[in-house]
Amino acid sequence: MFQHQTVEELAATARPVGEGEETEAEAPGAGIGPVPVTPIVAWLRERVAGDAALIRGFHQSALLRTPPDLGAERLTGAFQALLDHHDMLRLRLDGWQPVVRPPGSCDAAALVTRVDVAGLDADKLQSVITEQATAARDRLDPAAGTVAQLVWFDAGREQGRLLVVLHHLAVDGVSWRILLPDLVTAWSGGALDPVPTSFRRWAQRLTVSEPGEDELEDWLDIVDGPPQSLAVRPLDPRVDIAARARSVTLDLPADVTGPLLTEVPAAFHGRVNDVLLTGLALAVAQWRRHRGGRGSGVLVDLEGHGREDVVPGADVSRTAGWFTSIHPVRLDTGHETGTAALKTVKEQLRAVPDGGIGYGLLRHGGGEAAAELVGVPPAQIAFNYLGRVAAGDGGDWTLAPEELIAGEDPAMPAAHVLEINAVTRDLPGGPVLSATWTWPDGLLEAAAVRDLAAGWFTALRALAADVAAGDAGGFTPSDLLVDLDQSEIDKLQTAWRQKS
């Protein structure tokens with residue numbers, strides 16, 4: 001409406017809904033066979049220096065409450081349907097070449113374990129779940145085509161548990177929202193909806209796509225900055241492995257989390273990540289200053305779902321697989337604090353092209369672009385906000401409360417000095433932001449990490465308080481079609497507020 005301000009111009013640009021968005025029809029069997037090495041798999045290969053043995057137990061898992069009448073035979077049949085329906089659950093790793101085998105090539109019965117837990121108290125149940133989760137992880141072997149394990153904790157006439165363990169090569173966070181409902185549907189005797197685009201076809205199209213001409217320069221601008229050191233020494237892949245990781249988890253109460261996820265981003269026409277990463281940038285800068293460091297910028301690796309609309313004709317809304325993308329972003333609040341810093345960080349995040357998916361294509365695609373990016377000092381911090389998770393009402397097929405083991409193979413080298421995984425749990429008293437900070441033992445002191453985590457929450461509280469006071473918010477340049485910088489926008493908004 002701003003760009004085409006007459007009916008004639010609007011009519012010339014109008015298109016029928018859905019035009020150009022048709023999903024490409026796949027030939028039967030298009031999802032079977034060798035799968036191109038996607039950027040995230042190339043990242044993993046580089047992380048372990050090409051040693052595929054180090055990723056054997058690299059997995060994700062989920063634990064569900066189950067009805068007492070689950071039944072081993074019925075469960076196995078449902079799992080067989082899932083294996084035959086979703087290609088990546090039939091993955092085999094040939095060296096570093098993923099290969100999808102045809103339906104019927106995986107025997108679900110060999111992948112399902114029943115454990116009797118009838119009469120166990122909560123502590124003993126947790127102990128058995130931890131023991132069985134470790135055993136299930138150790139049974140994974142992508143080189144042999146074993147990328148899935150199910151463990152049914154049969155509690156007799158009481159509600160049981162079902163542990164689903166999947167190798168990370170076959171699954172990501174979004175995939176669970178597809179696979180778990182499908183498993184329940186199959187167990188109930190229902191038919192599974194078709195998968196419009198296979199992971200193999202998506203990967204083929206993605207890996208031959210080319211980022212824009214100027215995207216390399218955009219990424220070089222994003223990562224440009226002074227080298228940073230958070231720890232007493234660099235990462236050592238021989239010493240800093242998953243088995244030596246330490247972690248601390250902090251929760252932000254509902255009275256702060258609620259507005260932080262809704263009112264604060266809305267006030268700035270932004271997203272939750274804009275707010276969370278502003279708090280992180282402010283906290284890291286202050287934390288570094290207290291330790292004699294300089295500078296206000298921090299280079300952070302961000303994880304994305306990787307399902308951006310960059311592959312024409314693909315519909316991956318029903319596709320399971322590891323789509324995740326990882327890309328760096330430099331957050332620098334300068335001398336700004338509070339909500340002024342939020343506007344700056346929001347614009348720095350908006351400068352990332354296409355949600356960041358092109359970085360991996362350039363970084364791991366070979367050629368001159370890869371050669372330039374490989375020389376950039378890597379980010380020492382990784383941040384991943386996993387979204388909101390409902391606590392459930394305790395009914396069948398809801399997430400169970402028992403804790404699960406870490407997802408990395410114990411021998412895997414750490415990818416970062418510090419990794420932050422945050423999630424919002426919707427509890428009866430309101431949403432609670434929970435963040436787990438993980439680092440290799442010996443690189444950082446636990447007290448120092450706790451200080452940084454507390455500083456992050458302090459910064460988030462301040463942002464929420466500023467918005468609650470009613471004197472913060474507004475647009476930033478990326479919100480507008482006109483060419484105005486932030487100072488000009490702020491002046492216009494201030495004048496408007498004073499007028500009204």
Side-chain angles (χ1 to χ4, degrees), residues 173-174 176-177 249-284 300 302-305 307-308 317 329 331 333 336-352 355-356 382-393 398-399 420-437 452-480 486 489-490 492-494 496-497 500:
V174 176
W176 289 101
R177 304 174 191 175
T249 300
L250 274 69
D251 292 340
L252 194 64
D255 63 332
V256 182
T257 298
L260 198 69
L261 303 182
T262 54
E263 298 165 17
V264 178
F268 292 89
H269 309 279
R271 306 163 190 162
V272 173
N273 250 18
D274 301 335
V275 181
L276 300 181
L277 289 168
T278 298
L280 181 63
L282 292 169
V284 171
V300 179
L302 298 183
E303 284 195 25
H305 56 67
R307 298 174 188 242
E308 281 79 14
S317 61
V329 62
L331 309 175
T333 58
E336 295 171 340
T337 59
T339 54
L342 200 161
K343 293 178 180 179
T344 298
V345 168
K346 174 187 167 185
E347 289 303 293
Q348 290 166 352
L349 293 172
R350 296 300 180 276
V352 173
F383 180 85
N384 186 18
Y385 177 58
L386 301 169
R388 299 179 74 149
V389 177
D393 57 4
T398 59
L399 292 176
I420 307 153
N421 286 283
V423 64
T424 298
R425 294 176 291 127
D426 284 313
L427 301 177
V432 171
L433 177 66
S434 180
T436 298
W437 302 65
L452 178 54
W456 183 47
F457 276 2
T458 297
L460 294 179
R461 288 177 185 274
L463 292 172
D466 285 348
V467 171
D471 56 359
F475 292 100
T476 61
S478 62
D479 296 322
L480 308 176
Q486 190 62 60
I489 295 172
D490 290 342
L492 287 171
Q493 291 190 143
T494 298
W496 175 258
R497 290 191 187 104
S500 57

With side chains defined as the heavy atoms from C-beta onward, is the minimum distance between [X] and [Y] less than 4.5 Å?
| X | Y | result |
| --- | --- | --- |
| Phe268 | Val467 | yes |
| Leu276 | Leu260 | yes |
| Arg461 | Pro253 | yes |
| Leu460 | Val256 | no |

Mind checking the [atom1]-[atom2] spacing from [X] to [Y]? Nearest 0.5 Å is all I need.
| X | Y | atom1 | atom2 | result |
| --- | --- | --- | --- | --- |
| Trp456 | Leu277 | CH2 | CG | 8.5 Å |
| Leu349 | Thr344 | CG | OG1 | 11.0 Å |
| Arg388 | Leu433 | CZ | CG | 10.0 Å |
| Leu331 | Leu302 | CG | CG | 7.0 Å |
| Asp274 | Thr476 | CG | OG1 | 8.0 Å |
| Phe383 | Asn421 | CZ | CG | 8.5 Å |

List the atom of [X], the atom of [Y], and the distance in Å for their closest heavy-atom pair.
| X | Y | answer |
| --- | --- | --- |
| Ala254 | Pro259 | O-CD, 4.2 Å |
| Val423 | Gly387 | CG2-O, 3.4 Å |
| Gly338 | Leu282 | N-CD1, 4.1 Å |
| Thr278 | Ala341 | CG2-C, 3.8 Å |
| Ser434 | Thr249 | OG-CG2, 3.5 Å |

Query raised in the report: Backbone N or O of His269 within a donor-acceptor pair of the Lys346 side chain at under 3.5 Å?
Result: yes
Query raised in the report: Is the CZ atom of Arg425 crowded by more than 12 outside heavy atoms at less than 6.0 Å?
Result: yes
Report summary line: Checking Leu252, Asp426, Leu427, Thr262 against Thr257 for side-chain contact (heavy atoms from CB on, under 4.5 Å), the one that qualifies is Leu252
Requested in this report: Give the C-alpha distance, both sets of side-chain angles, the deciding distance and a yes or no for side chain to side chain contact (heavy atoms under 4.5 Å, CB included) between Thr424 and Val272.
Outcome: CA-CA 11 Å; Thr424 298; Val272 173; over 6 Å; no
